[in-house]
Amino acid sequence: MDERGSQATFPPASGLWSELSYLVSKKQRALEKHADLQLYKSEQFKAASMQIPDAIVSLDQDNYIEWFNLPSQSMLGLRRQDRGRKVEGIIRQPEFIEYLKLTDYQDALILNSLQGKQRTFELKIISYFESHKLLVVRDITELYQLAQIRRDFIANASHELRTPLTVLKGYLELMQDMPGEQQLLWKTPLEHMENQSNRMQSIIEDLLILSSMESDSITAEASIVDVPEILQNISIEARQLGSDAHHIIFEITPNLKLQGHTEPLKSVFMNLVANAVRYSPEGGNITIRWYLDKEGAHYEVKDQGLGIAAEHIPRLTERFYRVDKDRSRVTGGTGLGLSIVKHALEQHGATLNVESVVGKGSFFRCDFPLDIVVQ
Ligand code: ADP
């Protein structure tokens, strides 16, 4: 090769070419460094995930297994050769296959057995990078058993308290029919005792509702719930709640039903109306609406009552949380109503929204997703 030829093929080591070649090689070195760093980070991530006690399986957009950590081998029975296989071909449980088909993985899937192991597992899918998924499986057997013991204890204790209370209430009623002077003397104490025993009965009933909702939520079959019919009955009951003093307006879309569980939903609708009546002075308007829009079905209860200060709103659904303890007692509240509401809504994939201004009134709205609406 002559000098000219060589010059034509390789740029001179000075001037524009040299500058360009310097920049290109610098960029290339930076890219290599970046690629090394990316590789290092991904290796580091994989190494960390190996130490996590939960099974972690990475799936591509078509659910082919890309990689998995060590606990996946013992928990799910995965082996090296399962890489590149579809996860549905390995975990074949129908509930899992259905779960995998979802587009929104907000809720976890609880299974009472998995790959032949009779334990309780929580499965959760986390979407990441262009439809890739991470399947995370936790063994929650101990946690689940503890929660079950707590649920059983509350249910049994409430149930056991029912009978002695019924006996006490019976005697109280008898004593109210005492003859002559005795009746005058005992009138006020007996009325107090009756009020308190009624309160105790309401608390027991609410605790039983809560614990039955907790244990049924995993097993109960959904059915069609005729919401307009329930609201029609509530409009009658609301009047019997001593709410003649309030102006209650019902705006109900006919034939708008839900796929769900009747008793918990009845509790939701009734509790919100009872609260609006309980915490509104006489003469106030209470508006109840049941309607559909493109987001889903909505149940709204709006009152012109006492209102709730902003700092209390996030805590309203806690068990026995009351903004004003004395008022709640006087009005017969158990402090469990909104926990029941929250629980029942969760069971239906629905959410509760609360807006309130002290002295002006409160607005409670339950948002039900479109996929459980029946028309
Ligand atoms: P309670 O049985 O005491 O009414 P809830 O769980 O139903 O218990 O409600 C919790 C607390 O939230 C109540 O004690 C009350 O202070 C407040 N609250 C609920 N609904 C309303 C409302 N519509 N207006 C004002 N305060 C309310």
Side-chain angles (χ1 to χ4, degrees), residues 154 158 161 165 195-214 230-231 234-235 237-251 263-290 298-348 350-367:
I154 296 176
S158 317
L161 285 170
L165 190 62
N195 283 343
Q196 292 305 318
S197 58
N198 285 341
R199 265 199 64 217
M200 207 193 273
Q201 193 171 30
S202 310
I203 294 175
I204 290 172
E205 298 304 328
D206 275 0
L207 279 173
L208 282 170
I209 292 178
L210 254 181
S211 54
S212 82
M213 276 183 351
E214 279 183 329
I230 295 176
L231 294 179
I234 286 182
S235 71
E237 275 181 55
R239 271 168 207 117
Q240 288 166 357
L241 259 178
S243 59
D244 280 345
H246 299 92
H247 188 216
I248 306 188
I249 306 144
F250 278 85
E251 293 172 13
E263 287 311 314
L265 285 175
K266 268 188 194 167
S267 296
V268 170
F269 301 144
M270 190 59 205
N271 268 308
L272 294 180
V273 176
N275 279 350
V277 170
R278 209 174 271 151
Y279 303 108
S280 297
E282 293 188 355
N285 284 337
I286 295 172
T287 313
I288 291 132
R289 294 180 67 212
W290 171 240
H298 308 276
Y299 174 70
E300 284 179 6
V301 179
K302 191 173 176 207
D303 66 50
Q304 299 175 321
L306 305 173
I308 307 160
E311 72 264 25
H312 295 294
I313 292 181
R315 301 195 58 192
L316 291 181
T317 55
E318 286 173 22
R319 287 172 194 207
F320 296 113
Y321 187 82
R322 298 173 176 109
V323 174
D324 179 341
K325 283 197 171 49
D326 295 335
R327 175 172 289 276
S328 170
R329 279 197 192 110
V330 171
T331 51
T334 62
L336 291 168
L338 291 180
S339 333
I340 294 177
V341 168
K342 180 189 165 206
H343 211 93
L345 291 181
E346 273 173 4
Q347 206 179 354
H348 292 84
T351 49
L352 178 68
N353 276 285
V354 186
E355 287 165 29
S356 191
V357 179
V358 174
K360 290 243 157 92
S362 306
F363 173 78
F364 287 77
R365 194 188 67 228
C366 310
D367 299 326

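One-based numbering, in listed order, for ligands and for the atoms of each. In this chain, residues are counted from 1 in sequence order.
Other residues, nucleotides and ligands place more than 12 heavy atoms under 6.0 Å from the CD atom of E311.
A donor-acceptor pair is defined here as one N or O able to donate and one able to accept, closer than 3.5 Å; such a pair exists between the side chain of D303 and the backbone of S362. A distance-only check finds a donor-acceptor pair linking the side chain of H246 to the backbone of S280 [under 3.5 Å]. Put simply, the side chain of S212 gets close to the backbone of I209: a donor and an acceptor are under 3.5 Å apart. Within the 3.5 Å criterion, the main-chain N or O of L265 finds no donor-acceptor partner in the side chain of H348.
Of all protein heavy atoms, the one closest to atom 12 (O) of ligand 1 is L316 CD2, 3.3 Å. The protein heavy-atom contact nearest to atom 19 (C) of ligand 1 is N275 ND2, 3.5 Å. Ranking protein heavy atoms by distance to atom 4 (O) of ligand 1, first place goes to Y279 OH, 2.7 Å. At the shortest separation from atom 3 (O) of ligand 1 among protein heavy atoms lies S328 OG, 2.6 Å. Scanning all protein heavy atoms for the shortest distance to atom 5 (P) of ligand 1 gives L338 N, 3.6 Å. Nearest protein heavy-atom contact of atom 26 (N) of ligand 1 is I308 CG1, 3.3 Å. Protein heavy atom in closest approach to atom 11 (C) of ligand 1: Y321 O, 3.7 Å.
Between V323 and ligand 1, at least one N/O pair is under 3.5 Å apart.
Using a non-hydrogen distance threshold of 4.0 Å, D303 registers as a contact of ligand 1.
For the pair L352 and L316, the minimum side-chain heavy-atom distance is 4.5 Å or more.
Shown in contact with G333 at under 4.0 Å from a heavy atom are these atoms of ligand 1, numbered in order with element: 1 (P), 2 (O), 3 (O). Near G335, with a cut-off below 4.0 Å to any heavy atom, the atoms of ligand 1 are 1 (P), 2 (O), 3 (O), 6 (O), 8 (O). Taking every non-hydrogen atom of R322 and a distance limit under 4.0 Å, the qualifying atoms of ligand 1 come out as 3 (O), 14 (O). For ligand 1, the atoms closer than 4.0 angstrom to any heavy atom of G337 are 5 (P), 6 (O), 7 (O).
Remark: Y299 pairs with F269 by the ring-ring contact (aromatic ring centres under 6.0 Å, His included) rule, at least two apart or across chains. With sequence neighbours left out, the side-chain contact (heavy atoms from CB on, under 4.5 Å) criterion links E346 to K342.
Proximity of R278 to ligand 1, defined as any heavy-atom pair under 4.0 Å, is confined to the side chain (atoms from C-beta onward).
Annotation for S197 and L165: closest pair O-CD2, 3.9 Å, computed over non-hydrogen atoms.
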